[in-house]
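Encoded as structure tokens, the structure appears first; notes follow it.
The first residue in the sequence is number 1, and the count goes up from there.
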Amino acid sequence: MEDKTEGIARQGKLTTYFVSKDSIVRRIWGNGDTILLIFAGASAEFALNKAVDWLYFTGRLPSEPLKRLFSTVSYARQIVFAEQENAMCAIDKISAIHKEVEDKRGQNIPDWAYRDVLSMLIDYSIRSYELLERKLSISEKEEIYHVFKRVGARMRLKELPADYDHWLLMRASGLHENMTNGPFTGDLYRQYRRHLGWFRFLILKHVQTILVPEKVNELLGLRKSPFATAMLGIYKFSGVIGVKSWLKNAILPSAYRKEVNALDGYSHRSS
């Protein structure tokens, strides 16, 4: 697939971006609402992934689970809107951070674990946008896949699928082979509840029921919730009647309101 980087002349200098300014990927990652859904999906899969012990090794995930997850999402967002050179530097920084953790533990994070995180970002980009906006075309899904494939290639990940169709096979395999409801799962969900409070935690779980793949739903014991669909409809309608910001502030922890609200319109500010 054609590389979607874009060259723009600015004051006599050609600026190349990691992702084209008219890309569907920028529309997805420039919207605070889709970012929140990507966060909700990632929080479910981090808890189930068989390599979650690596995040416990650093101690950051159990002590600050929301901050750790937002950090993952924030890095991805920065890469999406960065100039080519800056994006490469950000990806290299991610690799260096993980290499430092590997050195401290004396073993390597398995390649499949890196691919699973990459798959989360791809899958929830698609699922979140489709829940909030519209169905994506195959070409748009291909574009999303190839943007994140380039991230993985820069990280020197092995066995990255050639295209979106082959990625779907890898995604299905990863969900069935690399996910389990183990001792870390329950502990991490207890941390989510402690940091979010019972009401926001309840909203998180309801959202996950309509967002995550069936296998994740099954492993977490989540039940399909008609309330979740109604809740999503109310949230979308709140934007029409102009009270979405008030509703969002009501469901967000105070420590993250400013950060999440700043995500809205990010694509316009970075243009």
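The two residues Arg26 and Phe81 have their closest heavy-atom pair at O-CZ, 3.5 Å. Taking each heavy atom of Arg154 and Ile91 in turn, the nearest pair found is CG-CG2, 3.4 Å. Of all heavy-atom pairs spanning Leu219 and Thr180, the tightest one is CD1-N, 4.2 Å. In this structure, Tyr189 and Lys205 approach most closely via the heavy-atom pair CE2-CG, 4.4 Å. Between Lys215 and Leu175 the shortest heavy-atom distance is CG-O, 3.6 Å. A pairwise comparison of heavy atoms in Leu188 and Ala47 identifies CD2-CA, 3.6 Å as the closest pair.
Trp112 and Val151 fall into different hydrophobic clusters, where Ile, Leu, Val, Met, Phe, Trp and Tyr are joined by side-chain heavy atoms under 4.5 Å apart, directly or via other members.
For the pair Leu160/Leu118, a side-chain contact is recorded, criterion being any heavy-atom separation below 4.5 Å from C-beta on. Looking at heavy atoms from C-beta onward, Leu211 lies in side-chain contact with Tyr124 at the 4.5 angstrom threshold. Val216 has its side chain within reach of Glu45: a pair of non-hydrogen atoms, C-beta onward, lies under 4.5 Å apart. At a threshold of 4.5 Å between non-hydrogen side-chain atoms, the residues Tyr145 and Arg171 do not count as touching. The side-chain heavy atoms of Thr185 and Leu220, taken from C-beta on, include a pair separated by under 4.5 Å. Within the 4.5 Å cutoff, the side chain of Met179 has heavy atoms near those of the Asn49 side chain. Ile79 places a side-chain heavy atom less than 4.5 Å from the side chain of Ile94. Two residues are said to be in side-chain contact when any heavy atoms from C-beta on lie closer than 4.5 Å; Gln191 and Arg194 meet this criterion.
Note that CD1 of Ile126 is 10.0 Å distant from CD1 of Ile38, once rounded to the nearest 0.5 Å. Taking CD from Glu102 and CD1 from Ile109, the interatomic distance works out to 4.5 Å, rounded to the nearest 0.5 Å. With rounding to the nearest 0.5 angstrom, the CD1 atom of Ile122 is 6.5 Å from the CE atom of Met170. Within the model, atoms CD of Glu83 and SG of Cys89 stand 11.0 Å from one another, a figure rounded to the nearest 0.5 Å. Considering CG of Leu204 and CG of Leu196, their distance stands at 6.0 Å, rounded to 0.5 Å. Once rounded to the nearest 0.5 Å, the distance linking CD1 of Ile203 with NE2 of His206 reads 8.5 Å.
Between the Tyr192 side chain and the Ser43 main chain, a donor and an acceptor come within less than 3.5 Å of each other. Remark: side-chain polar atoms of Lys149 are not paired, donor with acceptor, to backbone N or O of Tyr164 under 3.5 angstrom. Judged by distance alone, the side chain of Ser173 and the main-chain N or O of Leu169 form no donor-acceptor pair under 3.5 Å. Judged purely by atom type and a 3.5 angstrom limit, Arg150 uses its side chain to pair as donor or acceptor with the backbone of Phe18. Of the possible polar contacts, none joining the Asp111 side chain to the Leu157 backbone as a donor-acceptor pair under 3.5 Å is found. Looking at Gln208, its side chain does come within 3.5 Å of a backbone N or O of Ala40 through a donor-acceptor pair. Although no hydrogens or angles enter the test, the distance criterion places a donor-acceptor pair under 3.5 Å between the side chain of Glu130 and the main chain of Leu136. At least one donor-acceptor pair closer than 3.5 Å links the side chain of Arg115 to the backbone N or O of Lys158. A distance-only check finds no donor-acceptor pair linking the side chain of Thr209 to the backbone of Leu222 [under 3.5 Å].
When the shell of 6.0 Å around CD of Gln107 is examined, it contains more than 12 heavy atoms from other residues, nucleotides or ligands. Atom CZ of Arg156 is surrounded by 12 or fewer heavy atoms from other residues, nucleotides or ligands within 6.0 Å. Glu85 CD: 12 or fewer foreign heavy atoms inside a 6.0 Å radius.
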Quiz item: What's the verdict on side-chain contact (heavy atoms from CB on, under 4.5 Å) for Lys93 and Gln78, showing C-alpha distance, side-chain angles and the deciding distance?
Solution: CA-CA 12 Å; Lys93 182 178 179 181; Gln78 289 167 22; over 6 Å; no

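For Tyr129, the side chain to side chain donor-acceptor pair (under 3.5 Å) criterion is met by no residue, not counting sequence neighbours.
In this structure, the ring of Phe201 has its center no less than 6.0 angstrom from the ring center of Trp198.
Ring geometry for Phe148 versus Trp29: interplanar angle of 30 to 60°, hence tilted.
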